[in-house]
Visitor: 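The structure is given below, and queries will be raised subsequently.
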Amino acid sequence: MSFGKNKSGWIFVWVLCLFPVVLWFFAPSMTSRFGDAKQIFSSFGKLTALVGVSMYSVTLFLSARLKVFEKYFSGLSEVYERHSQLGQLALILLMFHPLLLLPQYTSSFSEAVRFLLPGKNFALNLGIFSLGLMLFLIFITLYLRPKYNIWKWTHKFLGFAFFLGSFHVWLIPSDTSRFLPLRIYILGLAAFGLLAFFYRTVLGKFLVSKYRYVVSNINKLNDLIVEITLKPLAATMKFIPGQFMFIQFLDPNVGTESHPFSIVSGSGESALKIAVKNLGDYTSKLVDNLGTNSVALIEGPFGVFSYKNAVNKSQVWIAGGVGITPFISMAKSIFLADHDYEIDLFYCFKSAGEDIYVKDLQQIAEGSGGHLRLHIFCSDVKGRIDADYIAADVAGGLVDKDIFMCAPPPMIHALKDRFMALGLPENCVHSEEFNF
Amino acid sequence: MKKVTLFFIIFFFVVVGGIFTMSLFYPTHSDKTLNVPVFNMAEVSKHNTENDCYLVISNKVYDVSNYIGDHPGGREAITSRCGEEVTGIFASIHSNFAWDLLTNYYIGEFVQ
């Protein structure tokens with residue numbers, strides 16, 4: 001099976017968001033829509049609201065973390081990336097909405113101030129509060145970057161901001177209130193968005209299905225990284241090598257946040273394993289405080305980052321630091337049933353001591369009969385790895401090969417840009433970045 | 001994308017801040033220098049019949065005498081309020097196309 005950049009999901013999103021524009025042109029109007037400058041501004045003010053609200057609805061839908069979306073986007077990572085882009089576009093359009101209405105509905109600066117501030121009109125106030133809250137929360141999310149638990153808590157209020165905005169759409173006299181097809185579409189889409197929000201947040205405990213596992217072993221790989229082994233308490237989660245899962249440990253010493261981790265175990269193993277590096281508040285608690293017999297709730301698996309989903313069986317795998325984890329699962333699994341793969345694995349790390357799993361990888365390479373070639377790259381010794389070095393070090397170059405990368409985002413971006421410049425087809429370059 | 005969003009957020013606040021600032025330098029009563037007729041309640045209330053019907057909405061005065069027959073909500077909804085201030089009921093019922101239409105009947109500014 002092969003996959004490239006699956007654009008069908010993104011195309012469908014744009015169709016959903018722009019369809020209200022089509023409906024709006026069918027909505028009756030007793031005055032010209034674009035007769036003079038004021039009408040033009042007013043019409044665009046209405047259109048920005050229609051598209052902005054639609055985008056906001058779809059943004060909430062994408063945040064529901066439904067596995068079905070992975071089929072229409074290139075994995076959950078891309079779903080979240082589109083969620084962020086769409087949310088920002090929605091904000092931009094919704095900021096323009098009141099500004100573009102000013103020339104038509106006000107004739108002085110004082111009136112404009114009264115229009116922009118909360119007053120006696122309840123429906124208008126809902127719109128003002130919704131936009132204000134959205135601005136504040138998105139600013140925090142994008143630019144202040146608070147700690148994860150604070151960010152997650154504040155981010156949930158965007159659902160409330162959308163609720164206020166939907167109420168504003170419901171109540172305000174407008175083309176939407178007057179033209180039934182448009183009203184049904186916009187409010188219907190908003191209702192779906194709110195349902196998706198409630199599914200993931202308020203009703204998540206009851207509706208989102210999770211696997212129950214227990215921590216059976218914690219193995220310290222070095223000063224910063226531990227490998228956690230989890231055994232199932234009930235149903236076993238099936239996964240494809242290279243996928244990841246969201247884990248929530250029910251351990252008061254660690255906290256109950258849910259975080260994504262790549263699966264390290266091979267497809268033939270009954271237990272699930274993850275490798276956790278001490279990188280911040282939560283992972284430091286996990287590395288230092290997690291105890292065996294702690295119960296874990298697991299949601300997944302997610303992701304399309306797998307050798308099984310590539311165009312070619314000749315592949316180059318590039319791991320940066322703890323990004324080696326999905327490749328461990330892939331390396332353990334790849335030759336169990338199929339010996340036609342040819343893999344060059346570049347394992348890059350900063351300094352000696354950070355090279356976890358090297359012995360395991362060397363054993364797998366020796367057992368593969370030469371089908372897996374391990375390239376160790378220590379940046380303290382050799383400097384930064386680049387695409388040209390990789391192309392020169394791989395027998396036969398990069399032609400007709402798929403490239404998989406899991407590394408810090410700057411490393412991925414630099415390598416990807418150069419691979420594209422070298423003429424590699426986009427559908428043969430795959431990357432996994434955790435930007436949740 | 002984040003840089004683009006930041007640009008528009010700053011743009012939004014610059015525009016809104018500009019409007020607020022200008023409203024301090026150009027308060028509403030200065031707009032009357034544009035030679036627009038000004039009415040008070042005593043004058044408006046004289047125009048309270050079906051054939052001579054003024055309404056006050058959002059501090060503006062409208063002569064809707066020629067529109068009454070076309071009103072989708074019926075004649076009485078307007079004629080029962082000729083010569084009065086009707087901002088509240090107008091804003092709560094009417095769509096934005098009605099607001100657009102209203103501008104055609106504007107005749108001046110209202111002062112208390």
Side-chain angles (χ1 to χ4, degrees), chain A residues 27-33 35-36 38-39 42-43 45-46 81 84-96 98-99 101-102 104-117 119-124 131 135-136 138-139 141-143 171-179, chain B residues 1-34 36 57-62 67 70-73 85 87-106 108-110:
Chain A
S29 174
M30 289 188 65
T31 59
S32 170
R33 298 273 199 207
D36 60 29
K38 284 186 183 179
Q39 287 169 346
S42 173
S43 293
K46 296 166 193 175
E81 196 182 319
S84 172
Q85 287 171 351
L86 214 56
Q88 291 175 66
L89 281 170
L91 175 66
I92 292 169
L93 289 172
L94 291 172
M95 282 192 291
F96 271 103
L99 298 183
L101 293 179
L102 286 173
Q104 181 78 323
Y105 293 109
T106 64
S107 56
S108 70
F109 291 112
S110 304
E111 281 185 26
V113 168
R114 281 194 292 275
F115 186 82
L116 293 171
L117 288 178
K120 292 180 187 171
N121 190 321
F122 179 64
L124 209 59
L131 180 61
L135 256 167
F136 173 68
I138 289 184
F139 188 83
T141 294
L142 294 179
Y143 307 109
L171 293 177
I172 200 84
S174 63
D175 293 314
T176 305
S177 64
R178 197 170 44 82
F179 185 50
Chain B
M1 181 87 209
K2 279 166 60 171
K3 286 181 186 167
V4 171
T5 306
L6 183 62
F7 169 79
F8 282 110
I9 290 174
I10 293 171
F11 174 80
F12 175 80
F13 280 107
V14 164
V15 170
V16 171
I19 290 171
F20 276 60
T21 305
M22 294 303 273
S23 73
L24 297 173
F25 287 104
Y26 299 98
T28 311
H29 63 263
S30 301
D31 295 333
K32 294 180 184 113
T33 59
L34 297 174
V36 172
I57 301 169
S58 296
N59 293 320
K60 294 187 188 319
V61 182
Y62 301 92
Y67 175 72
D70 296 329
H71 184 233
E85 206 286 345
T87 305
I89 191 156
F90 187 90
S92 64
I93 294 173
H94 293 85
S95 61
N96 54 7
F97 93 92
W99 283 95
D100 295 346
L101 194 58
L102 193 61
T103 57
N104 297 330
Y105 300 95
Y106 169 75
E109 295 295 310
F110 176 75

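So that the names make sense, note that chain A is the first sequence line, chain B the second, and so on, each numbered from 1. Computation of the quantities below employed the complete heavy-atom set of this structure, encompassing side-chain atoms and omitting hydrogens, waters and symmetry-equivalent molecules.
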Visitor: Could you check, using the six-membered ring where one of them is a Trp, whether A:F96 and B:F8 have ring centers closer than 6.0 angstrom?
Guide: yes
Visitor: Report the option among A:L171, A:L117, A:T176 that has the most heavy-atom pairs separated by less than 4.5 Å from atoms of chain B.
Guide: A:L117
Visitor: Given side chains that start at C-beta, do those of B:I9 and A:L91 come closer than 4.5 Å, heavy atoms only?
Guide: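 SC-SC contact between B:I9 and A:L91 confirmed.
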Visitor: Checking heavy atoms, do the side chain of A:L93, its backbone, both or neither come under 4.5 Å from chain B?
Guide: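 For A:L93, neither part sits under 4.5 Å from chain B.
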Visitor: Is any side-chain heavy atom of B:F11 closer than 4.5 Å to a side-chain heavy atom of A:I92?
Guide: no
Visitor: Determine the minimum heavy-atom distance between A:Q85 and B:M1, stating which atoms define it.
Guide: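 Heavy-atom minimum between the residues: O-CE, 4.0 Å.
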Visitor: Looking only at non-hydrogen atoms, find the nearest pair between B:A91 and A:P173 and report the distance.
Guide: O-CG, 3.5 Å
Visitor: OG/A:S110 to CD1/B:I19 distance, rounded to the nearest 0.5 angstrom?
Guide: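 So the gap between those two atoms works out to 11.5 Å.
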Visitor: Distance from A:I138 atom CD1 to B:L6 atom CG, nearest 0.5 Å?
Guide: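 Atom-to-atom, A:I138:CD1 and B:L6:CG are 12.5 Å apart.
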Visitor: Testing the basics here: between B:F12 and A:P98, what is the closest heavy-atom pair and its distance to 0.1 Å?
Guide: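 For B:F12 and A:P98, the tightest heavy-atom pair comes out as CE1-CG, 4.5 Å.
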Visitor: Tell me if the CZ atom of A:F136 is crowded by more than 12 foreign heavy atoms within 6.0 Å.
Guide: no
Visitor: Give, for atom OG of B:S58 and atom CD of A:E111, the distance between the pair rounded to the nearest 0.5 Å.
Guide: 7.5 Å
Visitor: List the atom of B:F20, the atom of A:L116, and the distance in Å for their closest heavy-atom pair.
Guide: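 Heavy-atom minimum between the residues: CE1-CD1, 4.3 Å.
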Visitor: Which distance, rounded to the nearest 0.5 Å, do you find between the CZ of A:F109 and the OG1 of B:T21?
Guide: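 So the CZ of A:F109 and the OG1 of B:T21 are separated by 10.0 Å.
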Visitor: Considering only heavy atoms, which portion of B:F13 lies under 4.5 Å from any heavy atom of chain A: side chain, backbone, both, or neither?
Guide: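 The side chain, not the backbone.
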Visitor: Less than 4.5 Å to any heavy atom of chain B: does that hold for the side chain of A:Y143, its backbone, both, or neither?
Guide: side chain
Visitor: Checking A:L89 against chain B: side chain, backbone, both or neither under 4.5 Å from a heavy atom?
Guide: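 Both parts, backbone and side chain.
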